[in-house]
Amino acid sequence: MNALVDQLKSTVTDTKATDIRAAFASDPNRFAKYSVTFDDMLFDYSKCAVNDKVLDGLEALAKAAKVAEKRDAMFAGDIINITEGRAVLHTALRNRANTPVLVDGKDVMPDVNAVLAAMGVFSDGIRSGALKGATGKKITDVVNIGIGGSDLGPVMATLALAPEHDGPRLHFVSNIDGAHIADTLKLLDAETSLFIVASKTFTTIETMTNAATARAFIAEKLGEKAVGHHFCAVSTALDKVAAFGIDSDRIFGFWDWVGGRYSIWSAIGLPLMIAIGKENFGEFLAGAHAVDNHFRTAPLRENIPMLLGLLGYYHRNVLGYATRAILPYDQRLSRFPAYLQQLDMESNGKGVTLDGTPVAGNSGPVVWGEPGTNGQHAFYQLIHQGTSIIPAEFMIAANGHEPNLRHQHQLLMANCLAQSEALMKGRTLDEAKAQMASKGLDKDFIERIAPHRVFTGNRPSLTFVYDKMTPFTFGRLIALYEHRVFVEGALFNINSFDQWGVELGKELATGLLPVVEGKESAAGHDSSTAGLVAALLKAAK
Ligand code: F6P
């Protein structure tokens with residue numbers, strides 16, 4: 001791999017691949033060459049620093065890293081999460097073809113279908129009012145209590161699919177900060193509220209603590225006996241849920257082969273199903289399934305997740321770009337960058353390879369972003385003129401959900417396309433001077449100010465265009481990024497499916513709790529931590 005990466009670095013220099021502007025000027029077919037369509041979806045990577053030789057080098061990397069073989073092993077249910085001894089089969093959750101998927105020789109599809117059917121019955125009951133609260137009133141507000149993968153997916157998806165939201169109001173409580181649940185409870189009438197406790201392990205301290213607070217809220221307002229009518233749970237730890245006091249017909253299971261950050265397709269998607277209905281949820285699954293088939297069968301140069309992953313690896317390990325910006329031109333995708341942060345950074349933020357040796361080069365980049373056009377008026381300055389190059393990933397629909405506001409959508413599209421064009425083209429010093437001169441500005445002023453108006457250009461971006469943000473398209477978009485993370489993880493040769501990096505902080509927090517409670521001394525902690533404890537306790541009322 002190292003030799004191939006070095007070779008690719010030489011190819012970049014020898015072929016001047018990073019002069020994207022020149023590549024466009026010399027090849028009118030560049031867009032056609034470096035873009036791929038997948039039904040109504042278009043993936044344009046022509047504004048990245050690629051040429052045929054670079055793509056050959058990336059293809060060689062994919063072969064050397066056995067990306068296709070690793071992909072097939074994932075779909076086949078092999079134990080690819082080696083540190084936890086688990087298969088990785090979120091793809092089975094959206095396997096609309098219903099072909100058998102074997103784990104330890106057992107087909108998981110009957111269980112997958114049974115939970116999906118139970119979710120459908122329950123969500124229909126809540127949406128129609130057939131399932132009522134303890135006092136006989138219809139449920140108007142559903143609160144999902146979960147964190148990380150048990151929160152980000154449903155909260156992000158509910159926002160994204162707001163046009164389909166015709167069920168009860170949804171709320172999401174994740175943070176251990178009491179402000180989160182306190183502010184939510186203030187909005188609720190206990191008689192018409194349902195709480196979903198969502199936790200794969202059913203041990204996460206934030207979720208368990210918030211669930212206990214919510215339970216106390218119901219018990220105090222409606223009595224202990226009402227609790228069962230106002231709670232349900234989603235977990236793989238069915239025994240622990242039962243111990244919490246939730247009836248078995250209100251427990252929706254999933255399995256250890258579903259990673260938390262890949263669990264939106266499982267019963268973790270229950271709040272989304274309650275919001276948009278089981279038919280729309282089915283469309284969402286179908287979109288992801290379509291991408292699974294595409295990822296498995298499309299040749300590499302027409303395979304969007306393969307290309308996305310290879311470009312991501314190229315940006316990080318060949319060109320050395322440390323971050324990437326996710327810039328959806330869709331206000332309803334406002335939490336999509338945060339969702340991808342967990343998906344990508346928890347998956348590929350690793351320092352050792354599958355055999356426990358240090359990763360050569362870099363693993364996953366920092367992922368961040370905000371919707372356009374808001375970001376344009378905040379941080380795009382740095383993307384255009386800052387000293388770091390940040391690959392930008394744009395996404396835009398041809399049609400909004402507000403036909404009466406078509407002009408606003410046209411402005412949105414124009415802004416999205418203008419940004420990627422500006423990043424690629426930039427503006428030379430001569431162009432800046434000429435533009436200023438055309439405005440009749442003074443020569444000295446032009447000399448002084450023109451350098452500030454220079455844009456280096458040649459800044460890479462890729463763009464997704466699709467018809468409309470429907471549940472199907474949304475399912476496709478998430479699945480494309482999931483598989484992109486897989487491809488990059490395969491190239492880094494890491495385990496993308498564990499998350500040991502979050503454990504140390506959890507352990508230390510457990511040890512510090514009695515210290516901040518004032519029950520134990522801070523002795524043994526470093527002087528900074530002890531000093532901070534002392535300051536907090538001194539000010540505590
Ligand atoms: O913070 C780590 C993590 O394990 C995530 O991977 C997971 O999505 C989140 O915590 C929540 O875990 P659980 O669903 O078990 O409560």
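Each ligand, and each atom within it, is numbered from 1 in the order the structure gives.
Scanning the protein for heavy atoms near atom 11 (C) of ligand 1, the closest one is I147 O, 3.2 Å. Annotation: atom 15 (O) of ligand 1 to nearest protein heavy atom, T201 OG1, 2.6 Å.
Which parts of ligand 1 touch T204 is read off a 4.0 Å heavy-atom cut-off, strictly below it: atoms 12 (O), 13 (P), 15 (O), 16 (O). Those atoms of ligand 1 that come under 4.0 Å of a heavy atom in S150, given as number and element, are 13 (P), 14 (O).
Contacts of V502 with ligand 1, taken as heavy-atom pairs under 4.0 Å, involve the side chain alone.
Considering each of Q499, K200, K506, E503, the one bringing a non-hydrogen atom nearest atom 10 (O) of ligand 1 is K506.
Looking at H294 and P305, their side chains come closer than 4.5 Å, going by heavy atoms from C-beta outward.
In terms of polar-atom proximity, defined here as any N/O pair under 3.5 Å, G149 does make such a contact with ligand 1. Where the criterion is an N or O separation shorter than 3.5 Å, residue side chain and backbone included, E346 meets it with respect to ligand 1.
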task = Could you walk me through whether T83 and N495 pass the side chain to side chain donor-acceptor pair (under 3.5 Å) test, one step at a time?
result = CA-CA 8 Å; T83 59; N495 179 4; 3.1 Å; yes
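Look at Q342 and you'll find a heavy atom under 4.0 Å from some atom of ligand 1.
Relative to the ring axis of F497, R86 does not place its NZ or CZ within 45° and under 6.0 Å from the centre. For the pair R476 and F464, the cation does not sit on the ring face, since its NZ or CZ is not both under 6.0 Å from the ring centre and inside 45° of the axis.
Taking the six-membered ring where tryptophan is involved, the planes of F284 and F474 are essentially parallel, since the angle between them stays under 30° and well short of 60°. Taking the six-membered ring for Trp and thresholds of 30 and 60 degrees, W257 and W255 have nearly parallel ring planes, at less than 30 degrees apart.
Identified under the ring-ring contact (aromatic ring centres under 6.0 Å, His included) test for residues 346-372, with sequence neighbours left out: W368-F379.
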